[in-house]
Peer 1: 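Structure incoming, see below.
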Amino acid sequence: MTRPTHTKQAIRAAMDHLIDRATRFDVDALESIYHKDFHTTLVMPDSEVTTFDKRGFIAHFRSQAEAGATRLNPWAAWHDFHVLGDSAVCVLTRKHSGMSGEEMTLLCNIEWRFEDSRWQVLREQIFLRPQDS
């Protein structure tokens with residue numbers, strides 16, 4: 001029997017919460033959303049790759065908040081949710097300018113782990129592309 005916390009709807013709710021908190025630069029919330037072993041890989045349009053661990057990624061959000069950045073675009077198009085035990089993956093497209101200052105389309109693969117009675121983001125793979133491509 002599927003636990004109510006381990007459904008596609010639960011992952012969608014976790015993703016909605018992540019997007020809401022990240023687009024508002026809520027670093028306190030991100031501390032609990034991102035897993036202690038969090039890792040993200042950003043592939044820029046020129047194929048440059050940047051990686052962050054939890055501390056570095058939250059520091060990036062903190063620096064944007066301290067610089068007075070306005071809320072990021074919360075738009076998302078959902079492609080797939082898959083739950084397997086205490087792991088889940090969400091694939092979606094996003095649009096915002098959080099990493100470059102230029103509005104971009106982001107193809108995201110977000111891996112979640114259910115630990116400490118909550119879903120936490122373990123890994124993000126983000127491929128950024130100009131919106132006109």
Peer 1: Starting from Ile19, can I reach Leu42 by hopping between I/L/V/M/F/W/Y residues whose side chains sit under 4.5 Å apart?
Peer 2: yes

Peer 1: Can you tell me how far CG of Leu106 sits from CZ of Phe127, rounded to the nearest 0.5 angstrom?
Peer 2: 11.0 Å

Peer 1: Check each of Lys54, Glu115, Glu111 against His35 using the side-chain hydrogen bond (donor to acceptor under 3.5 Å, both in side chains) test, and report the only one that passes.
Peer 2: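 Output: one option passes, namely Glu115.
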
Peer 1: For Arg24 and Arg71, which heavy atoms make the closest approach, and how far apart are they?
Peer 2: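 So the minimum-distance heavy-atom pair works out to NH2-NH1, 3.2 Å.
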
Peer 1: Would you compute the distance between atom CE of Met15 and atom CZ of Arg94 and round it to the nearest 0.5 angstrom?
Peer 2: 7.5 Å

Peer 1: If you compare all heavy atoms of Thr105 against all heavy atoms of Gln131, which two are closest, and at what distance to 0.1 Å?
Peer 2: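 For Thr105 and Gln131, the tightest heavy-atom pair comes out as OG1-CG, 3.4 Å.
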
Peer 1: Please report the closest heavy-atom contact between Val27 and Phe61, naming both atoms and the distance.
Peer 2: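 Looking at all heavy atoms of both residues, the closest pair is CG1-CB, 3.9 Å.
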
Peer 1: To the nearest 0.5 angstrom, please state how far the CD atom of Gln120 sits from the CZ atom of Phe114.
Peer 2: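 Result: 9.5 Å between the selected atoms.
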
Peer 1: May I ask you to say whether Asp26 pairs ionically with Arg62, meaning some side-chain N is under 4.0 Å from a carboxylate O?
Peer 2: no

Peer 1: Between Trp119 and His17, is the gap from one ring center to the other below 6.0 Å?
Peer 2: no

Peer 1: Spell out, yes or no, whether Leu30 and Leu92 are grouped together once hydrophobic residues are joined by side-chain heavy atoms under 4.5 Å, including indirect joins.
Peer 2: yes

Peer 1: Look up atom CD1 in Ile110 and atom SG in Cys90, then write down how far apart they are to the nearest 0.5 Å.
Peer 2: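 If I round to the nearest 0.5 Å, the distance is 7.0 Å.
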
Peer 1: Less than 6.0 Å separating the ring centroids of Phe52 and His39?
Peer 2: no

Peer 1: Could you verify whether a donor N or O on one side chain and an acceptor N or O on the other, from Ser87 and Arg113, lie under 3.5 Å apart?
Peer 2: no

Peer 1: For Trp75, check ring-ring contact (aromatic ring centres under 6.0 Å, His included) against everything at least two apart and list the hits.
Peer 2: none

Peer 1: Using every non-hydrogen atom in the two residues, find where Ala22 and Leu72 come nearest and quote the distance to one decimal.
Peer 2: O-CD1, 4.2 Å

Peer 1: Say whether Val121 and Phe81 are linked into one hydrophobic cluster, either directly or through other cluster members, by side-chain heavy-atom distances under 4.5 angstrom.
Peer 2: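 Per the 4.5 Å side-chain linkage, Val121 and Phe81 are co-clustered.
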
Peer 1: Of the non-hydrogen atoms in Arg129 and Pro45, which two are nearest, and what is the gap between them?
Peer 2: NH1-CA, 3.5 Å

Peer 1: Check the surroundings of atom CZ in Arg12: do more than 12 heavy atoms from other residues, nucleotides or ligands lie under 6.0 Å from it?
Peer 2: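 More than 12 within 6.0 Å, yes.
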
Peer 1: Of all heavy-atom pairs between Gly85 and His6, which one has the smallest distance, and what is that distance?
Peer 2: O-CD2, 2.9 Å

